[in-house]
Protein chains: 2
Amino acid sequence: MQPGTPEEAWREDCAPRRVLEVFATKWTSMILHTLHARHGGNARTGVLQRSLPGISKKMLIQTLRELEASGLVQRHVHDRVPPAVDYTLTPLGALMVQPIELVYDWARANANALDQLEPRPTSRRR
Amino acid sequence: MQPGTPEEAWREDCAPRRVLEVFATKWTSMILHTLHARHGGNARTGVLQRSLPGISKKMLIQTLRELEASGLVQRHVHDRVPPAVDYTLTPLGALMVQPIELVYDWARANANALDQLEPRPTSRRR
DNA sequence: CAGAATCCTTAAAGATACTG
DNA sequence: CAGTATCTTTAAGGATTCTG
């Protein structure tokens with residue numbers, strides 16, 4: 001290790017930072033958790049949307065496509081009219097759900113303590 | 001529970017979502033973790049900056065101020081020349097570090113599996 | 001129902017320069 | 001060393017409309 005280099009530096013490509021990126025996109029964690037928790041890893045588009053109050057159709061589809069591209073989710077099209085599509089977690093997706101569940105469970109367990117947390121002045125995200 | 005209402009909906013103000021907001025701001029988790037892990041909950045500005053490769057001075061100060069406003073961090077000014085300032089975790093900050101450590105430790109333990117994770121096409125975050 | 005295609009707004013993040 | 005003060009960029013997130 002170089003002198004001056006922190007022993008525990010957050011290297012730009014370190015594992016924790018890669019996981020943080022999953023949390024960084026607004027709906028990602030919620031979609032993965034919903035897929036995992038409510039539907040045995042399988043849910044149709046409409047069900048997902050109803051499970052996530054406030055999400056727009058655009059953000060839902062867009063996030064799902066990104067998750068698909070990252071290999072976390074698989075998309076299944078059923079050849080019917082009207083169209084039916086569902087999404088399942090891939091093995092990698094099931095893995096990535098683990099830290100999400102850790103956070104989710106922790107938040108549930110500490111819900112009351114979290115009331116002390118004042119929202120940031122600006123209040124929202126991008 | 002109403003018909004059609006998802007049993008496990010992500011209410012807009014639910015505890016998990018409030019925690020997710022902490023993760024949403026890019027440097028928040030890394031600062032809190034660094035404060036917790038490397039310095040016994042106490043570090044000076046310069047040390048923090050050197051611990052976070054890629055952070056700009058602006059983002060460091062700005063994020064620290066937001067953490068202070070949220071009651072997660074306390075700022076201590078030492079009356080000297082040149083100036084010396086350090087930051088410590090508040091009890092609430094120490095609490096919020098918990099889920100961060102969960103994620104961090106999980107990421108470390110699964111670092112190799114995370115190599116399969118392809119970065120999103122757009123690649124970055126907010 | 002699922003989704004594609006646009007357009008738009010804003011805030012997050014960064015770059016740079018200056019100060020006590 | 002710690003911290004302002006600007007300015008700029010970019011993309012995240014949303015709203016709306018249209019289609020098979």
Side-chain angles (χ1 to χ4, degrees), chain A residues 4 10 12 17 20-31 35 42-70 73-88 119-126, chain B residues 4 10 12 17 20-31 35 42-70 73-88 119-126:
Chain A
W10 287 86
E12 313 251 355
R17 269 175 98 145
L20 287 182
E21 284 179 25
V22 174
F23 284 92
T25 304
K26 182 166 181 179
W27 299 102
T28 298
S29 311
M30 291 183 263
I31 289 177
L35 235 29
N42 185 342
R44 291 188 53 181
T45 313
V47 174
L48 283 175
Q49 183 158 19
R50 283 186 293 278
S51 300
L52 301 173
I55 197 173
S56 67
K57 190 177 295 187
K58 177 202 164 189
M59 287 314 297
L60 176 63
I61 302 296
Q62 178 178 309
T63 308
L64 283 168
R65 290 293 149 81
E66 290 169 3
L67 291 174
E68 191 185 9
S70 298
V73 150
Q74 183 147 20
R75 181 167 174 269
H76 303 270
V77 181
H78 302 209
D79 192 12
R80 306 185 203 143
V81 177
V85 177
D86 60 55
Y87 296 87
T88 59
R120 30 170 43 203
T122 55
S123 85
R124 272 248 5 295
R125 12 167 4 206
R126 141 156 29 173
Chain B
W10 287 86
E12 312 251 357
R17 270 174 98 144
L20 287 182
E21 283 180 25
V22 173
F23 284 93
T25 304
K26 182 166 182 178
W27 299 104
T28 299
S29 312
M30 291 184 263
I31 290 177
L35 235 29
N42 184 343
R44 291 188 53 181
T45 313
V47 174
L48 282 174
Q49 183 158 18
R50 283 186 294 278
S51 300
L52 300 173
I55 196 173
S56 67
K57 190 176 298 188
K58 178 206 165 190
M59 287 312 298
L60 176 62
I61 302 296
Q62 179 178 308
T63 309
L64 283 169
R65 290 294 149 81
E66 289 170 5
L67 291 173
E68 192 186 7
S70 298
V73 150
Q74 183 147 19
R75 180 168 175 267
H76 302 271
V77 182
H78 302 208
D79 191 13
R80 303 185 205 145
V81 178
V85 177
D86 60 54
Y87 296 87
T88 59
R120 30 168 44 199
T122 56
S123 85
R124 272 244 11 294
R125 21 165 352 209
R126 106 164 67 163

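Reminder, nothing fancy here: chain letters follow the sequence lines and each chain counts from 1. Keep in mind it's a predicted model, so treat the numbers as computed, not measured.
- Checked against side-chain contact (heavy atoms from CB on, under 4.5 Å), L64(A) has the following partners two or more places apart in sequence or in another chain: I31(A), L48(A), L60(A), Y87(A).
- Spacing between atom CD of E68(A) and atom C1' of dA2(C) amounts to 14 Å, rounded to whole angstrom units.
- Distance, K57(A) NZ to dC18(D) C1': 11 Å, rounded to whole Å.
- When the side-chain nitrogen and oxygen atoms of Y87(A) are compared with OP1 and OP2 of dG3(C), one or more of them lie within a distance under 4.0 Å.
- Listed by residue number, R75(A), P82(A) are the residues of residues 74-82 of chain A with a heavy-atom contact under 4.0 Å to DNA chain C.
- Look at CE on M59(A): it is 16 Å from P on dT16(D), rounded to the nearest Å.
- In this view, R75(A) satisfies the salt bridge (charged side-chain N to carboxylate O under 4.0 Å, His left out) rule with no residue, not counting sequence neighbours.
- Scored by the side chain to side chain donor-acceptor pair (under 3.5 Å) test, S56(B) finds no partners at all (sequence neighbours excluded).
- A donor N or O paired with an acceptor N or O is not found under 3.5 Å between the base of dG3(C) and the side-chain atoms of K58(A).
- L60(B) places its CG atom 10 Å from the P atom of dA2(D), with the value rounded to the nearest Å.
- No engagement by S56(B) is indicated, since no non-hydrogen atom pair under 4.0 Å with the nucleic acid exists.
- The salt bridge (charged side-chain N to carboxylate O under 4.0 Å, His left out) search around R17(B) returns E12(B), not counting sequence neighbours.
- Among the nucleotides dG20(D), dC1(D), dA13(C), the one closest to the side chain of R44(B) is dC1(D).
- Protein atom CG of L52(B) is 15 Å distant from nucleotide atom C1' of dG14(C), rounded to whole Å.
- As rounded to whole Å, 17 Å separates atom C1' of dA12(D) from atom CD1 of I61(A).
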